[in-house]
Novice: 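First the structure, then my questions, so here it is.
Atom set for the values below is all heavy atoms of this structure, side chains included, hydrogens, waters and symmetry mates excluded.
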Amino acid sequence: MHDTPAGVIKEIAIMRMLSGNPHVVQLFNVFEDDSYFHLVMELCAGGELFDQIISKGHFSERDAAVSMRALLDFISYAHSKHIVHRYVACSTAVTSSTQMACPVSCRSASGRCCPYVWQSN
């Protein structure tokens, strides 16, 4: 889906459809040159949720509940827009800080736009 300019343009459109939700990495702007699309996105300084779990050595019930609630809120929001994320995992969840109980957002494992499938009505 990312291999063609049309695929990238479609994913940018989907990210814009999901903007405004606190559990989606925000896309602020897009610039295109002769070879590339440059996406200006929200900084997620905490990195991947998976890496935080590994570095901490354990995952408390409270931390798990906060993270799962954020992921399920995201999934519900995306589904309300008729969008399905094809790969939800700890490696596609990023955090806004290095603290465990912090906001979680979704993105793709490759660091590119989330691999969503848009289903029109």
Novice: How about F50: does its CZ atom have over 12 heavy atoms from other parts shown lying under 6.0 Å from it?
Specialist: no

Novice: Set out, in order, the CA-CA distance, both residues' side-chain angles and the distance that settles side chain to side chain contact (heavy atoms under 4.5 Å, CB included) for R16 and V30, then state yes or no.
Specialist: CA-CA 11 Å; R16 287 183 172 148; V30 176; 3.6 Å; yes

Novice: Identify the heavy atoms of M15 and V25 that sit nearest to each other, and give their distance.
Specialist: CE-O, 3.4 Å

Novice: Under a 3.5 Å distance rule, please check whether Q26 uses its side chain to pair with a backbone N or O of N21 as donor and acceptor.
Specialist: yes

Novice: D33: which residues meet the side-chain hydrogen bond (donor to acceptor under 3.5 Å, both in side chains) condition with it, sequence neighbours left out?
Specialist: H38

Novice: If you compare all heavy atoms of L18 against all heavy atoms of Y77, which two are closest, and at what distance to 0.1 Å?
Specialist: O-CE2, 3.5 Å

Novice: Taking all atoms of both residues into account, what is the closest heavy-atom pair of M41 and L27, and its distance?
Specialist: CG-CD1, 3.9 Å

Novice: If you count every heavy atom of other residues, nucleotides or ligands that lies below 6.0 Å from Y36 atom OH, does the total exceed 12?
Specialist: no

Novice: Just verifying a value: how many Å separate H23 NE2 and R69 CZ, rounded to the nearest 0.5 Å?
Specialist: 8.0 Å

Novice: With hydrophobic residues grouped by side-chain heavy-atom distances under 4.5 Å, do F28 and I12 end up in a single group?
Specialist: no

Novice: Can I9 be reached from L39 by stepping across I, L, V, M, F, W or Y side chains whose heavy atoms are under 4.5 Å apart?
Specialist: yes

Novice: Can you tell me how far OG of S19 sits from CD1 of I14, rounded to the nearest 0.5 angstrom?
Specialist: 13.0 Å

